[in-house]
Amino acid sequence: MNIQTARRTKPLMPGFGVEIFDVDIATADQRTLADVVSTFHRHGAIVLRGQTLDQPAQLAFTRLFGEPEDNARKEYCDPAYPQIYVISNKTVNGKPIGDPAAGLGWHTDNSYSKLPALCTMLHALDVPPEGSDTLLSDLCAVWDALPAERQRALDGLVLHHSYVALAEKKKQPLTDELRANYPDVFHPLVRRHPTDGRKALWVSTGTVRGVVGMPNPEGVDLINELVAFATQEQFIYRHKWQVGDVLIWDNRCTLHRGTPFDTVNHIRHVHRTWVRGDAPV
Ligand code: SIN
């Protein structure tokens, strides 16, 4: 992928992601922000450091990418701004104010919905000195690295995603409302990016019950094998957090996970927004 913008940028790793310099999101003009959005659509992920965004400013920036998406787990949403999901191990009066352990397994966001999240934006307000890195796998590079014969065998397979399966595995509360709002869905394993048609091996864990038309354990074994392949070092960008970072990744062509940190002695406080996506093709 070529960087076509005149803005000062640096690839996050060869062929994937861009760090964008000299942009203050809160005060940037519309042209600059449009340039940021267009860079995002071409590169899989972007990072802008040193940002100060309150909740309305983060939501306004999120809207430049599309419609902010709701979260299933209302208990961790900011009460005043429900489309902001709070990832935090802070407590107030002994009660958690956010999700202390979001996204610790490899996944792509909201894949249990008919319209999975187009992108995810994290804004870091407090970070520990070590750990809590966010890892992104470049699923287009993963697809390109597969032999042609394997690509032919995988193209056309469909995965069975399930919010219920995820909640059961994670022992998360499962109400009748959640079951009704999130019926099981079926998405292609190989996904085309709408901007330029590049293909991604759109595999995931957590929500995936199996492969349509393939009995288990064969189906889940295939998924596990593909996730192991997709999460090799050469496909991974590791984001090391600083306060003020904004990291946005494109869920249409990446897999991601959070990593642990010392939650007893340190605080991590991050605001997350999602943008509603299209039906995967
Ligand atoms: C997520 O998967 O939504 C969050 C990942 C992270 O906190 O690093």
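Throughout, numbering of the chain's residues begins at 1 and tracks the sequence. Every number for a ligand or one of its atoms is a count from 1 in the order of the listing. From a predicted model like this one, the values you see are computed outputs, not experimental measurements.
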Original post:
Relative to each other, are the rings of Tyr112 and Tyr163 parallel, tilted or perpendicular (30° and 60° limits)?
Top reply: perpendicular
**OP:** Assign the ring pair His160 / Phe186 to parallel, tilted or perpendicular, where the plane angle (0 to 90°) is split at 30° and 60°.
**Re:** tilted
Original post:
Any N or O of His256 that comes nearer than 3.5 Å to an N or O of ligand 1?
Top reply: yes
Subject >> Parallel, tilted or perpendicular: rings of His41 and Phe65 (30°, 60°) >> reply: tilted
**OP:** For atom 4 (C) of ligand 1, find the nearest protein heavy atom and state the residue, atom name and distance (0.1 Å precision).
**Re:** Ile87 CD1, 3.8 Å
**OP:** Name the closest protein heavy atom to atom 3 (O) of ligand 1, giving the residue it belongs to and the distance to 0.1 Å.
**Re:** Arg272 NH1, 2.8 Å
**OP:** Would you please classify the geometry between the Phe235 ring and the Phe229 ring as parallel, tilted or perpendicular, with 30° and 60° separating the classes?
**Re:** tilted
Original post:
Would you say the side chain of Phe61 lies within less than 4.5 Å of the side chain of His123, judging by non-hydrogen atoms?
Top reply: no
Subject >> For His107, the ligand 1 atoms whose distance to one of its heavy atoms is below 4.0 Å >> reply: 2 (O)
Original post:
Can you find an N/O atom of Arg268 closer than 3.5 Å to an N/O atom of ligand 1?
Top reply: yes
**OP:** Decide whether an N or O pair under 3.5 Å exists between Thr134 and ligand 1.
**Re:** yes
Subject >> Ligand-side contact atoms (ligand 1) for residue partner Gly103, heavy atom cut-off under 4.0 Å >> reply: 2 (O)
**OP:** Evaluate the side-chain proximity of Phe40 to Leu118: yes if any heavy-atom separation is below 4.5 Å, no if none is.
**Re:** yes
